[in-house]
Amino acid sequence: MARPKIALIGAGQIGGTLAHLAAMKELGDVVLFDISEGTPEGKALDIAESGPSEGFDARLKGTSDYADIAGADVCIVTAGVPRKPGMSRDDLLGINLKVMKAVGEGIRENAPDAFVICITNPLDAMVWALQKFSGLPTEKVCGMAGVLDSARFRHFLSLEFDVSMKDVTAFVLGGHGDTMVPLTRYSTVAGIPLPDLVKMGWTSQEKLDAIVQRTRDGGAEIVGLLKTGSAFYAPATSAIEMAESYLKDQKRLLPCAAYCDGVFGLDGFYVGVPTVIGAGGVERIVDIKLTKDEQAMFDNSVAAVKGLVEACKGIDDSLA
Ligand SMILES: NC(=O)c1ccc[n+]([C@@H]2O[C@H](COP(=O)([O-])OP(=O)(O)OC[C@H]3O[C@@H](n4cnc5c(N)ncnc54)[C@H](O)[C@@H]3O)[C@@H](O)[C@H]2O)c1
Ligand SMILES: O=C(O)C[C@H](O)C(=O)O
């Protein structure tokens, strides 16, 4: 059987890391696409030359021609611009919306059967626009953010409790912005919910609140440190987790930006929710019941996403 084909649209910091991870995990052959002359070819060759030492079997190709992504099984989209210190993700909307249009058309014409994972920010609005521009089925287009935000939450919690990150589970839902919703009630250490751990004296409510806020600010914390761009190792690892679940039909239950129509009280928006990812793409959205307070936070986050979607419609008539 031929190896799966993984197309990475955008060969910048995340794109290059994705290519390296996909090759090392032997998820398939990799095509790195970018408009920056020489960058995708250079990164593909560099990573391919790590193959003999690492011992992986994967072909890598760099290109600026959409024809080379033909027949891709998975497309992961990072094309666009990252933010700099002082900017919000939302400041990227105008410039990255134009990029989504070009990418959507490229995918529609060359890889219409692919499972598409969007990473470009502002994530929830960009994945919505990418689905519209590509015309692919909504269950085959999703966005990566919740896995990353939850991983950050899990990491901070593991430090607080001094336990393995493997035993910490967490769910961060809502839009990938300042209004994201880390759900403490559904986050655990080996199945023990965080509110119970507070009662048991493992931590205090004040410390937990500070960790929730650090999670919300997790992207900005890295941008402030790097100064020239945003996080890329953890974002790439998170998207690979989603791609692997699709390619291997693992049916992982992961928080992803999925098209919600008739779930979570939504009517046609992308926002972070618990999803099952398998060979059918986003196979199920787990419509969990939120408490009044959680619902208020979720509604606030959805309102922010809706505002960005309206801004997209204002910029590009074809989306209205
Ligand atoms: N969803 C998330 O959780 C998350 C996490 C981290 C970063 N991001 C976002 O991901 C995006 C990429 O981040 P990065 O660090 O890889 O940025 P980067 O600048 O390193 O790479 C982006 C690449 O996109 C390319 N590009 C620009 N326009 C293009 C087009 N029309 N077609 C193809 N390629 C094009 C650029 O040449 C560049 O190589 C940013 O928007 C960033 O904000 C999202
Ligand atoms: O914060 C950013 O701009 C990048 C990304 O959304 C992140 O959360 O790391």
Side-chain angles (χ1 to χ4, degrees), residues 7-20 31-44 62-66 68-69 75-107 110 117-127 129-130 133 142-153 155 172 174-178 180 214-242 254-257 270-272 305:
L8 306 175
I9 316 296
Q13 296 286 56
I14 305 177
T17 312
L18 284 168
H20 201 191
V31 177
L32 264 168
F33 174 96
D34 204 293
I35 53 168
S36 162
E37 206 187 319
T39 301
E41 292 86 350
K43 290 202 178 183
T63 184
S64 295
D65 182 354
Y66 269 111
D68 288 321
I69 73 162
C75 289
I76 307 181
V77 178
T78 60
V81 175
R83 64 171 156 161
K84 295 205 168 66
M87 293 172 79
S88 94
R89 298 175 181 97
D90 301 352
D91 295 335
L92 306 170
L93 186 131
I95 185 160
N96 284 348
L97 184 63
K98 288 196 192 82
V99 176
M100 290 306 100
K101 188 164 197 163
V103 173
E105 286 164 4
I107 292 175
N110 298 281
I117 302 170
C118 180
I119 300 185
T120 303
N121 273 322
L123 187 270
D124 306 87
M126 291 303 100
V127 65
L130 184 64
F133 288 135
C142 65
M144 187 294 292
V147 177
L148 171 66
D149 297 326
S150 302
R152 286 179 174 148
F153 196 24
H155 171 62
V172 179
H176 181 56
D178 300 339
M180 69 178 75
R214 188 176 180 195
T215 303
R216 290 203 177 105
D217 297 337
E221 184 175 2
I222 306 259
V223 169
L225 291 166
L226 293 182
K227 294 181 188 67
T228 52
S230 51
F232 51 100
Y233 293 114
T237 310
S238 304
I240 287 290
E241 204 176 340
M242 294 166 63
L254 300 169
C256 303
Y270 275 89
V271 70
V305 172

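Indexing begins at 1, ligand by ligand and atom by atom, following the structure's order. Because the structure is predicted, anything quoted here is derived from the model rather than measured. Along the sequence shown, residues are numbered consecutively beginning with 1.
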Enquirer: Pairs under 3.5 angstrom, nitrogen or oxygen on both sides, ligand 2 versus protein: list them out, please.
Expert:
residue, atom, partner, partner atom, Å
ligand 2, 1 (O), Arg83, NE, 3.2
ligand 2, 1 (O), Arg83, NH2, 2.7
ligand 2, 1 (O), Arg89, NH2, 3.4
ligand 2, 3 (O), Arg83, NE, 2.5
ligand 2, 6 (O), Arg89, NE, 2.8
ligand 2, 6 (O), Asn121, ND2, 2.8
ligand 2, 6 (O), His176, NE2, 2.6
ligand 2, 8 (O), Arg89, NH2, 2.9
ligand 2, 8 (O), Arg152, NH1, 2.8
ligand 2, 8 (O), His176, NE2, 3.2
ligand 2, 9 (O), Arg152, NH1, 3.4
ligand 2, 9 (O), Arg152, NH2, 2.7

Enquirer: When you compare ligand 1 with Met144, is there at least one nitrogen or oxygen pair between them that comes in under 3.5 angstrom?
Expert: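 N/O-N/O distance below 3.5 Å exists for this pair.
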Enquirer: Can you name the salt bridge (charged side-chain N to carboxylate O under 4.0 Å, His left out) partners of Glu241, sequence neighbours left out?
Expert: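 So Glu241 forms a salt bridge (charged side-chain N to carboxylate O under 4.0 Å, His left out) with Arg252.
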Enquirer: Looking at ligand 1, does any of its N/O atoms fall within less than 3.5 Å of an N/O of Asn121?
Expert: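 Right, the criterion is met.
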Enquirer: How far is atom 25 (C) of ligand 1 from its nearest protein heavy atom, and which residue and atom name does that atom have?
Expert: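 Scanning the protein heavy atoms, the shortest distance from atom 25 (C) of ligand 1 goes to Asp34 OD2, 3.3 Å.
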Enquirer: Considering Thr39, Ile35, Val223, Asn96, which one's heavy-atom position lies nearest to atom 32 (N) of ligand 1?
Expert: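 The option holding the nearest heavy atom is Ile35.
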Enquirer: Under a 4.0 Å heavy-atom limit, does Pro235 contact ligand 1 with its side chain, its backbone, both, or neither?
Expert: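 Just the side chain.
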Enquirer: Among all protein heavy atoms, pick the one closest to atom 20 (O) of ligand 1 and tell me residue, atom and distance.
Expert: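 Going atom by atom, the protein heavy atom closest to atom 20 (O) of ligand 1 ends up being Gln13 N, 2.8 Å.
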Enquirer: Minimum distance, heavy atoms only, to atom 41 (O) of ligand 1: which one of Leu92, Val81, Ile119 is it?
Expert: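 Nearest option to atom 41 (O) of ligand 1, by heavy atoms: Val81.
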Enquirer: What part of Arg89, side chain from CB on, backbone N/CA/C/O, both or neither, has a heavy atom under 4.0 Å from ligand 1?
Expert: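 No part of Arg89 is near ligand 1 at this cut-off.
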Enquirer: Nearest protein heavy-atom contact for atom 34 (N) of ligand 1: which residue, which atom, what distance?
Expert: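 Among all protein heavy atoms, the one nearest atom 34 (N) of ligand 1 is Ala79 CB, 3.5 Å.
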Enquirer: Quick one about Asp124 and His176 (side-chain donor to acceptor, distance below 3.5 Å, no hydrogens or angles considered), yes or no?
Expert: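 Side-chain D/A pair, His176 to Asp124: absent.
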Enquirer: Is ligand 1 under 4.0 Å from a heavy atom in the side chain of Ala231, in the backbone, in both, or in neither?
Expert: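 For Ala231, only backbone atoms sit under 4.0 Å from ligand 1.
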Enquirer: Please indicate whether any nitrogen or oxygen in Ala145 is less than 3.5 Å from any nitrogen or oxygen in ligand 1.
Expert: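 No.
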Enquirer: For atom 19 (O) of ligand 1, what is the nearest protein heavy atom, given as residue, atom name and distance?
Expert: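 The answer is Pro82 CD, 3.4 Å.
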Enquirer: Among residues two or more places apart or on two chains, list those pairs meeting salt bridge (charged side-chain N to carboxylate O under 4.0 Å, His left out) that have a residue in residues 78-89.
Expert: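 Those involving residues 78-89 do not exist here.
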Enquirer: Is the closest N or O pair between Tyr66 and ligand 1 shorter than 3.5 Å?
Expert: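 No, Tyr66 has no N/O under 3.5 Å of an N/O on ligand 1.
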Enquirer: State the CD1-CE distance between Ile119 and Met242, to the nearest 0.5 angstrom.
Expert: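 Rounded to the nearest 0.5 Å, the CD1-CE separation comes to 8.0 Å.
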Enquirer: Specify side chain, backbone, both or neither for Ile14, according to which of its non-hydrogen atoms lie closer than 4.0 Å to ligand 1.
Expert: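 It is both parts that get close, each with some atom under 4.0 Å.
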Enquirer: Just grab all the salt bridge (charged side-chain N to carboxylate O under 4.0 Å, His left out) pairs involving residues 227-237, residues at least two apart or on different chains.
Expert: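 Qualifying pairs, neighbours excluded: none.
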Enquirer: So if I count the atoms of ligand 1 from 1 in the order they appear, which ones are less than 4.0 Å from some heavy atom of Ser36?
Expert: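 Those qualifying, in numeric order: 37 (O).
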Enquirer: Starting at CE of Met100, measure out to CD of Glu105 and round the result to the nearest 0.5 Å.
Expert: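 Interatomic distance, Met100 CE to Glu105 CD, rounded to 0.5 Å: 12.0 Å.
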Enquirer: Nearest 0.5 Å, please: how far is CG in Asp68 from CG in Asp65?
Expert: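 Reported value, rounded in 0.5 Å steps: 5.0 Å.
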Enquirer: Answer side chain, backbone, both or neither: which part of Leu148 comes under 4.0 Å from ligand 1, heavy atoms only.
Expert: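 Just the side chain.
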Enquirer: Could you tell me whether Ile95 atom CD1 has more than 12 heavy atoms of other residues or ligands within 6.0 Å of it?
Expert: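 Not more than 12 within 6.0 Å, no.
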